[in-house]
Novice: 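Here it is, the structure, as structure tokens.
Indexing begins at 1, ligand by ligand and atom by atom, following the structure's order.
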Amino acid sequence: MDKYTIRNTLPTDYQRVISVMIDWWNGRDLRYMLSKIFFIHFCNTSFIVEAEDQLLAFLVGFMSQTDDNVGYIHFVGVHPEFRKKGIGRELYSQFFNKCKLNKRRIIKSCTSPVNKLSIAFHQRMGFLIETGDGVIDGMPVTLNYLGVNAPKVLFRLEI
Ligand SMILES: CC(C)(COP(=O)(O)OP(=O)(O)OC[C@H]1O[C@@H](n2cnc3c(N)ncnc32)[C@H](O)[C@@H]1OP(=O)(O)O)[C@@H](O)C(=O)NCCC(=O)NCCS
């Protein structure tokens, strides 16, 4: 893998990230879930991976304000040409370190049941899937987690 750098996000990264999302999510448009506010008030717990100004990956996460033992990963994306090279794992490792510094021992995240890639990645990273209140494609889901008729697979990892 060529050299790349990891740094915290800046407000100026927002457009760059938003402009790749449809492509990186294989045609799904999830931009409405990633407001610019995350790039203003969650910079210390969010990361950009780049090589010579090319955006390779990003992670947007935060410390839960509701549960002081939880860090939440809201979005992670890696450029399709740079996947399966350990960048996603490295981003999670950076976020886990941040969580430990903030005395957070539980990491949570979620994904749509259609996102098999994300489910495989999280399972490989050691996350357990929460039981939820439904099953889709054999996968436990929480039916109305982020809205009505928007079932999610909920991930949980103790670090
Ligand atoms: C999910 C995603 C972030 C993974 O990034 P990545 O850089 O390819 O992941 P890594 O190379 O660090 O892989 C970490 C582990 O997950 C495994 N993994 C990654 N992609 C996988 C896949 N498609 N199927 C099975 N396992 C996978 C790797 O084999 C690796 O395991 P190992 O270290 O034990 O060998 C990337 O595929 C992506 O951006 N997908 C589109 C956006 C998305 O769905 N994001 C998640 C929901 S917000």
Novice: Is the His122 ring parallel, tilted or perpendicular to the Phe127 ring (thresholds 30°, 60°)?
Specialist: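 Plane angle over 60°, so perpendicular.
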
Novice: Is it the case that the ring center of Phe39 lies less than 6.0 angstrom away from the ring center of Phe58?
Specialist: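 No.
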
Novice: Can you tell me the protein heavy atom closest to atom 26 (N) of ligand 1 and the distance?
Specialist: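 Going atom by atom, the protein heavy atom closest to atom 26 (N) of ligand 1 ends up being Ala120 CB, 4.2 Å.
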
Novice: Looking only at protein heavy atoms, identify the closest one to atom 9 (O) of ligand 1 and say how far it is in Å.
Specialist: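 Residue, atom and distance for the closest contact: Phe121 CE1, 3.6 Å.
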
Novice: Which atoms of ligand 1 are found less than 4.0 Å from any heavy atom of Gly86?
Specialist: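 Selected atoms, number and element: 10 (P), 11 (O), 12 (O).
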
Novice: Taking the six-membered ring for Trp, are Phe121 and Tyr92 parallel (under 30°), tilted (30 to 60°) or perpendicular (over 60°)?
Specialist: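 Perpendicular.
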
Novice: Relative to the heavy atoms of Gly88, which atoms of ligand 1 are at a distance of less than 4.0 Å?
Specialist: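 Result: 5 (O), 6 (P), 7 (O), 9 (O), 12 (O).
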
Novice: Suppose we measure from atom 12 (O) of ligand 1 to each protein heavy atom; which comes out shortest, and what is that distance?
Specialist: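 Looking at atom 12 (O) of ligand 1, the protein heavy atom closest to it is Arg89 N, 2.7 Å.
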
Novice: Does a side chain donor of either Thr111 or Lys152 reach within less than 3.5 Å of an acceptor in the other side chain?
Specialist: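 Their side chains do not contain a donor-acceptor pair, so the 3.5 Å distance test is not met.
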
Novice: Which residue and non-hydrogen atom of the protein lie closest to atom 23 (N) of ligand 1, and at what distance in Å?
Specialist: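 The closest heavy atom on the protein side is Leu117 CG, 3.6 Å.
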
Novice: Nearest protein heavy atom to atom 47 (C) of ligand 1, by residue and atom, and its distance?
Specialist: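 Result for atom 47 (C) of ligand 1: Ser118 OG, 3.4 Å.
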
Novice: As an exercise, state the distance from CG of Asn26 to CG of Asn115, rounded to the nearest 0.5 Å.
Specialist: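 Between atom CG of Asn26 and atom CG of Asn115 there are 9.0 Å.
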
Novice: Heavy-atom distances under 4.0 Å decide this one: backbone, side chain, both or neither, for Ile73 against ligand 1?
Specialist: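 Answer for Ile73: neither.
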
Novice: Return yes or no for this condition: an N or O of Lys85 is under 3.5 Å from an N or O of ligand 1.
Specialist: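 Yes, since at least one N or O of Lys85 sits under 3.5 Å from an N or O of ligand 1.
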
Novice: At under 4.0 Å between heavy atoms, which part of Arg124 makes contact with ligand 1: side chain, backbone, both or neither?
Specialist: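 Answer for Arg124: side chain.
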
Novice: Can you tell me which residue and heavy atom of the protein come closest to atom 39 (O) of ligand 1, and the distance to 0.1 Å?
Specialist: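 Among all protein heavy atoms, the one nearest atom 39 (O) of ligand 1 is Val78 N, 2.7 Å.
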
Novice: Just jot down the ligand 1 atoms closer than 4.0 angstrom to any heavy atom of Trp25, in number order.
Specialist: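 Selected atoms, number and element: 42 (C), 43 (C), 44 (O), 45 (N), 48 (S).
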
Novice: Taking salt bridge (charged side-chain N to carboxylate O under 4.0 Å, His left out) as the cut-off, I'd like each qualifying pair that reaches into residues 8-20, sequence neighbours left out, listed once.
Specialist: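 Qualifying pairs, neighbours excluded: Arg7-Asp13, Asp13-Arg16, Arg16-Glu50.
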
Novice: Enumerate the atoms of ligand 1 whose separation from the nearest heavy atom of Gly77 is less than 4.0 angstrom.
Specialist: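 So the atoms of ligand 1 that pass are 39 (O).
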
Novice: Answer side chain, backbone, both or neither: which part of Trp24 comes under 4.0 Å from ligand 1, heavy atoms only.
Specialist: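 Answer for Trp24: backbone.
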
Novice: Note the single closest protein heavy atom to atom 45 (N) of ligand 1, along with its residue, its atom name and the distance in Å.
Specialist: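 Scanning the protein heavy atoms, the shortest distance from atom 45 (N) of ligand 1 goes to Val76 O, 2.8 Å.
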
Novice: So, taking the atom named CG in Asp133 and the one named OG1 in Thr142, what distance separates them when rounded to the nearest 0.5 Å?
Specialist: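 That separation rounds to 5.5 Å.
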
Novice: Can you check whether Thr66's main-chain N or O pairs, donor with acceptor, with Ser64's side chain at less than 3.5 Å?
Specialist: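 The answer is yes, because a donor-acceptor pair under 3.5 Å joins these two groups.
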
Novice: Grab the two heavy atoms, one from Asn8 and one from Asn44, that are nearest each other, plus how far apart they are.
Specialist: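 Scanning both residues, the minimum pair turns out to be ND2-O, 3.3 Å.
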
Novice: Hey, looking at atom 20 (N) of ligand 1, which of Met21, Lys84, Glu90, His74 has the closest heavy atom?
Specialist: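 Selected option, by shortest heavy-atom distance: Lys84.
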
Novice: What pairs with Glu158 under side-chain hydrogen bond (donor to acceptor under 3.5 Å, both in side chains), at least two apart in sequence or on another chain?
Specialist: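 side-chain hydrogen bond (donor to acceptor under 3.5 Å, both in side chains) list for Glu158, sorted by chain: Arg156.
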
Novice: For atom 44 (O) of ligand 1, what's the nearest protein heavy atom and its distance?
Specialist: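 Here the closest protein heavy atom is Asn115 ND2, 2.8 Å.
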
Novice: Rounded to the nearest 0.5 Å, how far apart are OG1 of Thr9 and CD1 of Ile48?
Specialist: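 Rounded to the nearest 0.5 Å, the OG1-CD1 separation comes to 6.5 Å.
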
